[in-house]
Amino acid sequence: MPKRAMQLWLMKSEPDVYSIDDLERDGSECWEGVRNYQARNFMREMAEGDLAIFYHSNTKPPGAAGVCRICRKAYPDPTQFDRKSQYYDPKSKKEDPRWSMVDVEFVEKFAAPISLQALKDAPALEGMRVTQKGSRLSVQPVDKAHFKRVLKMAGAKTKLR
DNA sequence: GCCAACGTTGGC
DNA sequence: GCCAACGTTGGC
């Protein structure tokens with residue numbers, strides 16, 4: 001009966017490509033195109049019901065924009081087999097797909113995004129991966145205390161138990 | 001647009 | 001297995 005504890009994540013997306021507003025409009029979306037092994041491995045650890053901070057990268061300012069929930073666990077990313085896709089990977093084999101993706105659903109958009117600078121300036125968030133210099137990882141785990149703090153900073157409706 | 005910080009590739 | 005060259009990410 002003991003269930004796996006909920007795990008918490010942060011997922012980066014460039015808002016020009018896909019933003020929290022796009023997710024709010026769509027309700028849910030597949031998280032395609034991750035082509036980094038470490039990020040892929042974290043996605044494979046995700047379970048339905050896990051929550052993730054939706055982070056806007058490569059924009060100004062970058063920062064935490066909202067919350068989403070994992071609604072489908074990892075399965076093969078079809079774009080790796082699509083020759084026309086920018087994510088096509090000629091080395092990936094159908095019988096042993098190299099890349100996975102999960103589906104996420106919209107939970108909430110923060111009233112105002114919490115900028116990366118604000119995250120870095122918060123002493124309680126010390127050690128959070130995304131605040132560390134040169135952190136490029138697009139999918140990363142987040143400590144519960146850090147996740148809660150970000151929710152608090154954002155005045156979020158989402159609460160963790 | 002620059003460039004630091006990686007990750008990947010391929011020659012050896 | 002090493003490592004130089006190259007490509008990508010993403011803040012600034």
Side-chain angles (χ1 to χ4, degrees), chain A residues 7-26 29-46 50-70 74-104 106-143 145-156:
Chain A
Q7 291 187 195
L8 300 164
W9 309 94
L10 179 145
M11 300 174 81
K12 296 182 184 175
S13 182
E14 302 191 15
D16 289 348
V17 179
Y18 200 81
S19 71
I20 189 73
D21 295 300
D22 294 322
L23 185 62
E24 180 168 26
R25 180 198 62 216
D26 296 341
E29 181 61 300
C30 51
W31 204 271
E32 67 183 26
V34 170
R35 293 295 180 270
N36 170 281
Y37 289 105
Q38 216 181 339
R40 180 204 68 180
N41 292 343
F42 282 134
M43 285 203 298
R44 288 179 175 178
E45 291 178 29
M46 291 175 174
D50 284 359
L51 294 179
I53 292 167
F54 193 112
Y55 179 91
H56 282 169
S57 66
N58 217 356
T59 186
K60 56 174 197 179
V67 179
C68 61
R69 180 186 296 110
I70 311 307
Y75 61 105
D77 179 345
T79 63
Q80 67 195 303
F81 303 121
D82 178 359
R83 287 175 186 279
K84 295 192 225 56
S85 169
Q86 61 170 314
Y87 302 122
Y88 177 61
D89 182 352
K91 292 183 194 163
S92 183
K93 301 195 175 56
K94 282 253 182 194
E95 59 276 17
D96 183 23
R98 178 176 295 192
W99 304 112
S100 300
M101 65 185 190
V102 296
D103 291 356
V104 303
F106 179 80
V107 175
E108 83 167 289
K109 176 187 173 180
F110 295 153
I114 308 301
S115 70
L116 176 60
Q117 191 57 55
L119 298 174
K120 286 178 173 174
D121 289 344
L125 297 182
E126 194 179 350
M128 192 177 175
R129 274 182 110 125
V130 75
T131 65
Q132 285 162 14
K133 190 178 161 191
S135 160
R136 300 186 306 161
L137 195 59
S138 64
V139 177
Q140 51 183 267
V142 176
D143 292 347
H146 290 162
F147 202 103
K148 281 177 137 171
R149 173 61 58 153
V150 173
L151 292 179
K152 189 174 179 184
M153 288 168 73

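Bear in mind that the values here come from a model prediction, so they are computed numbers and not experimental data. Chain A is the first sequence line, chain B the second, and so forth, proteins listed ahead of strands; every chain is numbered from 1.
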Is any side-chain heavy atom of [X] less than 4.5 Å from a side-chain heavy atom of [Y]?
| X | Y | answer |
| --- | --- | --- |
| A:Q140 | A:Q38 | no |
| A:I70 | A:M11 | yes |
| A:N36 | A:V139 | no |

In DNA chain C, consecutive runs of at least three Watson-Crick or G-U pairs below 3.5 Å, as range with range, amount to B:1-12 with C:1-12
Under 3.5 Å donor-acceptor, [X] side chain and [Y] backbone:
| X | Y | result |
| --- | --- | --- |
| A:H56 | A:I20 | yes |
| A:D77 | A:E32 | no |
| A:E14 | A:T59 | no |

field: Pairs involving residues 106-124 of chain A, ordered by first then second residue, that meet salt bridge (charged side-chain N to carboxylate O under 4.0 Å, His left out) (sequence neighbours left out)
entry: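 Every salt bridge (charged side-chain N to carboxylate O under 4.0 Å, His left out) pair that includes a residue of residues 106-124 of chain A, provided the two are not neighbours, is A:D21-A:K109.
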Under a 4.0 Å heavy-atom cutoff, the residues of residues 54-68 of chain A touching DNA chain C are A:Y55, A:S57, A:N58, A:P62
Open item on the list: Reading DNA chain B from 5' onward, which residue's closest nucleotide shows up sooner: A:R136 or A:R98?
Closed with: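 Between the two, 5'-proximity favours A:R136.
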Legend entry - Covered region of DNA chain C, 5' end to 3' end, by chain A [heavy atoms, under 4.0 Å]: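 With heavy atoms of chain A under 4.0 Å away, the range is C:dG7 to C:dC12.
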Got a list of side-chain donor-acceptor pairs under 3.5 Å for residues 87-94 of chain A, not counting sequence neighbours?
residue	atom	partner	partner atom	Å
A:Y88	OH	A:R83	NH1	3.4
A:D89	OD1	A:K91	N	2.9
A:D89	OD2	A:W99	NE1	2.8
A:S92	OG	A:Q80	OE1	2.7
A:S92	OG	A:R98	N	3.0

- prompt: What pairs with A:R40 under salt bridge (charged side-chain N to carboxylate O under 4.0 Å, His left out), at least two apart in sequence or on another chain?
  reply: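 Partners of A:R40 by the salt bridge (charged side-chain N to carboxylate O under 4.0 Å, His left out) criterion come out as none, since no residue qualifies.
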> Does any donor atom in the side chain of A:D22 or A:S19 lie under 3.5 Å from an acceptor atom in the other side chain?
Replying inline: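 Yes, A:S19 and A:D22 have a side-chain donor paired with an acceptor closer than 3.5 Å.
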